[in-house]
Number of protein chains: 4
Amino acid sequence: MADTSSEAHEARGSSKRGRPRRGPDPERFQDIVDAAAKLMLDNGYSATSIQDIADAVGILKGSLYHYVRSKEDFLYRIIKDVYDAALEEIVPIAKSDRPALERLVAFVTAHVHFSIRHLTGFTIQIREFDRLSPERREEITAGGDVYVDALRGILQDGQEEGVVDRELDVRFTTVAILGELNYLTRWYSPTGPMAPDEMAARFAGLILGSVVSDKAVKAAGGLEKLRQDLLS
Amino acid sequence: MADTSSEAHEARGSSKRGRPRRGPDPERFQDIVDAAAKLMLDNGYSATSIQDIADAVGILKGSLYHYVRSKEDFLYRIIKDVYDAALEEIVPIAKSDRPALERLVAFVTAHVHFSIRHLTGFTIQIREFDRLSPERREEITAGGDVYVDALRGILQDGQEEGVVDRELDVRFTTVAILGELNYLTRWYSPTGPMAPDEMAARFAGLILGSVVSDKAVKAAGGLEKLRQDLLS
Amino acid sequence: MADTSSEAHEARGSSKRGRPRRGPDPERFQDIVDAAAKLMLDNGYSATSIQDIADAVGILKGSLYHYVRSKEDFLYRIIKDVYDAALEEIVPIAKSDRPALERLVAFVTAHVHFSIRHLTGFTIQIREFDRLSPERREEITAGGDVYVDALRGILQDGQEEGVVDRELDVRFTTVAILGELNYLTRWYSPTGPMAPDEMAARFAGLILGSVVSDKAVKAAGGLEKLRQDLLS
Amino acid sequence: MADTSSEAHEARGSSKRGRPRRGPDPERFQDIVDAAAKLMLDNGYSATSIQDIADAVGILKGSLYHYVRSKEDFLYRIIKDVYDAALEEIVPIAKSDRPALERLVAFVTAHVHFSIRHLTGFTIQIREFDRLSPERREEITAGGDVYVDALRGILQDGQEEGVVDRELDVRFTTVAILGELNYLTRWYSPTGPMAPDEMAARFAGLILGSVVSDKAVKAAGGLEKLRQDLLS
DNA sequence: AATGAATGAGTTTTCATTCAT
DNA sequence: AATGAATGAAAACTCATTCAT
């Protein structure tokens, strides 16, 4: 439930009452947030000033406080949006009732595509989450760390199904895999040589190899076969 | 050759002949750098002020300029030291003449141990490298990205030996693996439940599974066997 | 064309169409610049702090950066204004088509009156020009040193007319005369005993004596006569 | 009268008692003062730091306080030396018993040569005198402004002799001439095209023309003749 | 919705000076 | 004579924020 419209000054007559819209124009606000996100992506949150953001959108810095109550609000909005979108897009995939390895591939694929599609916000989320106030951090991760939970669930199910190596430490493997995926934000460039589809498949291939059980490998007739089967 | 002692204020003016013109006490400087590193680890480079550092070592902020010409010098010193140490410790391992998979395991193991032993500096290097000036970034990475080169070399050799899957895109796999390893800086805690040795072995296990060829798996009698063989 | 109104913070970002994006109030800015000039006149540029200026106008030092991007901007503005005004007031006089000695007297008179009327700015220009950045120095003197060129032109014309001593080294004489005039900024006081008109006449008298040819002296019937003729 | 040796820490056993010399080496001190003077010439007193001076002589800034008690001491020493030297070299010339115009030429010539020979110190004296503390300013100019007094005396004598225009305001003319001469410090370069001798003669020629009486001109048979007579 | 002036607390950096060794 | 550590005050500049218009 990406709640993109409810931000921006909860005070002021909201549109609920049907009166002609009051308060900041949400589209304009989104433009400003996008500009802020771009700057924070390039220079980091601390090194991005309110002045920078105002310059980027062509208004005076004082005017930004029509849309926002503090600089942190920008960060919150950026992170919240991307987090909510991820909840919506990725978590359901991990919770389907298909076999674990299929869900693993689907999860990795969705994650990679999501990261690339929301590259700016996703990168900021990963890099600057700690700059949020404790309250907001808490609020966002209220439901637990959903990525971690989702992936861990898949791996556990896989162990029960016998397709994931039972020697694995699931907790550890989960963070290792998520690290591998998230680190994409450090090196990915949209102008790079590899298409998102291929990249997702290659990630899935590596990760499959990392976790599959001997039994699953044999059943498929080798690792290559297993990859072919699952990466269609 | 980590040249950790030659930092700290090139002597000003001419240093006539062999008189002992020592410059700032290197041990004191190292203490200050360590304090700075701790703060930057906790709060990030931008959010760490010269005042914070001065407070941490118990002197006035102006006095820090006895050791350093700018705040960036601290960051440079922290990163340069850890970078040089890594060059010394890790790169040679990648260049030995043992079989590729052994070198892969050795590289991963060394990398994990190094990351943990130099956790503060290594984390800062990864997180704040871009805050360095372009000139210093260039200077540090003058010899190319040595981690990347080292790991890529191992994978390429492995493909030639037939023990690494020939379908792998080596370039991609290299950054994926390094991401997996480097992301440790985001979640590792020395008080966590897993000992460094085990962690290194588990990383190596995951990575082996990601890259081995079917042929190598069969030769070893399955993935589990192969892991056992290589992880002593 | 003294473009005194276009200073003060080029508007940031885009100024969409014809909306009145005014930037800082030019009159307020001028007041601040005047206060800064007064301080720099008394204490010199280097010894005048942003704090001093802020105190003089009764705001906080940080607030000055609403009008200016650096302390040097104040100096630039002061010097640029007086330089432009001089261009407008003095140079045309040197370029009229009257006889050379008349133009010489007119130039000297105009210069003296100008110096006195713009005493603060003119003094700062002379004393602190070198504190400007190379780029700004260059920008201001882009059209050559107009005072020097103007006076040299008069002397050369005078030599051709035969009213200025042909033995004179025009280049040298030009700087000598300008030095004599500019040095006024070192000793002139508005509360002194001599009125600007008299001072201008006396300067002109001295300078005439310095440069006239024997021929011109004889034609006028002596130096005193010549001075009387030209200083009306 | 140039009391160049009595500076540098009046405390400490002076050489008066015949004991092996104690206290700072005066030659070394002079080298340091020279270095300081060069820097202040280039960058101005305020913009020259103790650090700059220390760098220039290759010692640490703290060590300068062996020679000096404050930064102002450097300025004082530079100005005092040049002032004393001027007293010794120039004043006697103005006080000889030769005819006024000869003394005028001699004064101007001596002044120009002096300015050039002591260019650094003389320039600093003119430009930075006001940076000295009131006490030191007073101390230096205790005997009145000797240049002014000397030149004014010459002009007054000339008026009495009838060789200097009686219409002149002597006070004004004195500062005007001194301005003309002193401004040399603003444009003179030792690598310029004109030799000091010629420059002195040309200055004297201009100044003669400025002040001579009609009577003296006629007696000499014209300005040119008069100049030739006096400039040998 | 936005401006433009200002605040107040902060930032990094500079600098003259002191002093134990 | 000189070092090297440190001081303490001030410098220029930044920046998030407020607010009357």
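Just so it is clear: chains get the letters A, B, ... in the order the sequence lines come, proteins before strands, and each one is counted from 1. This one's a predicted model, so the numbers in the text were calculated from it and none came from an experiment.
For Y45(A) and G62(D), each mapped to the nucleotide of DNA chain F holding its nearest heavy atom, the one lying further toward the 5' end belongs to G62(D). Comparing S63(D) and E72(A) by the nucleotide of DNA chain F whose heavy atom lies nearest to each, the residue mapping closer to the 5' end is S63(D). Place D52(B) and R28(C) on DNA chain E by their nearest nucleotides, and R28(C) ends up nearer the 5' end. When the nearest nucleotides of DNA chain E are assigned to L64(A) and S49(D) by heavy-atom distance, the more 5′-ward of the two goes with L64(A).
Residue L60(C) is in base contact, counting any heavy-atom pair closer than 4.0 Å across all strands shown. Note on S46(A): nothing from the nucleic acid sits closer than 4.0 angstrom, heavy atoms only.
Considering only side-chain N and O atoms, Y65(C) lies under 4.0 angstrom from the phosphate OP1 or OP2 of dC13(F). At dA6(F), one or more side-chain N or O atoms of Y67(B) fall inside 4.0 Å of OP1 or OP2 (strictly under the cut-off).
What separates CG of D55(A) from C1' of dT3(E) is a distance of 15 Å, to the nearest Å. Spacing between atom CD1 of I50(C) and atom C1' of dA10(F) amounts to 13 Å, rounded to whole angstrom units. Distance, E27(C) CD to dG4(E) P: 15 Å, rounded to whole Å. For the pair I53(B) CD1 and dT12(E) P, the computed distance is 8 Å after rounding to whole Å. Spacing between atom CG of D31(B) and atom C1' of dG4(F) amounts to 16 Å, rounded to whole angstrom units. Between the C1' atom of dC13(F) and the CD atom of Q51(A) lies a distance of 13 Å, rounded to the nearest Å. Protein atom NZ of K71(A) is 16 Å distant from nucleotide atom P of dG10(E), rounded to whole Å. Rounding to whole angstrom units, NE2 of residue H66(B) and P of dT17(E) are separated by 18 Å.
When distances are taken from the side chain of S70(C) to each of dA5(E), dT7(E), dC13(F), the shortest belongs to dC13(F). The side chain of K61(A) approaches dT17(F) more closely than any other nucleotide in the set dT11(E), dT17(F), dC13(F).
The base-pairing partner of dC19(E), taking Watson-Crick or G-U wobble contacts with both distances under 3.5 Å, is dG4(F). In this structure, dC13(F) forms a base pair with dG10(E), meeting either the Watson-Crick or the G-U wobble geometry with both donor-acceptor distances under 3.5 Å.
Checked by atom type and distance alone, the side chain of R136(A) never pairs as donor or acceptor with a backbone atom of K80(A) at under 3.5 Å. Remark: the backbone N or O of V82(C) is not paired with any side-chain donor or acceptor of Q125(C) at under 3.5 angstrom.
With rounding to the nearest 0.5 Å, the separation of CD1 in I53(C) from NZ in K38(C) is 13.5 Å.
With Y45(C) as the aromatic partner, R131(C) does not meet the cation-pi criteria of under 6.0 angstrom to the ring centre and within 45 degrees of the ring axis.
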Trace of the side-chain hydrogen bond (donor to acceptor under 3.5 Å, both in side chains) decision for E72(D) with S70(D): CA-CA 5 Å; E72(D) 196 210 332; S70(D) 76; 4.8 Å; no
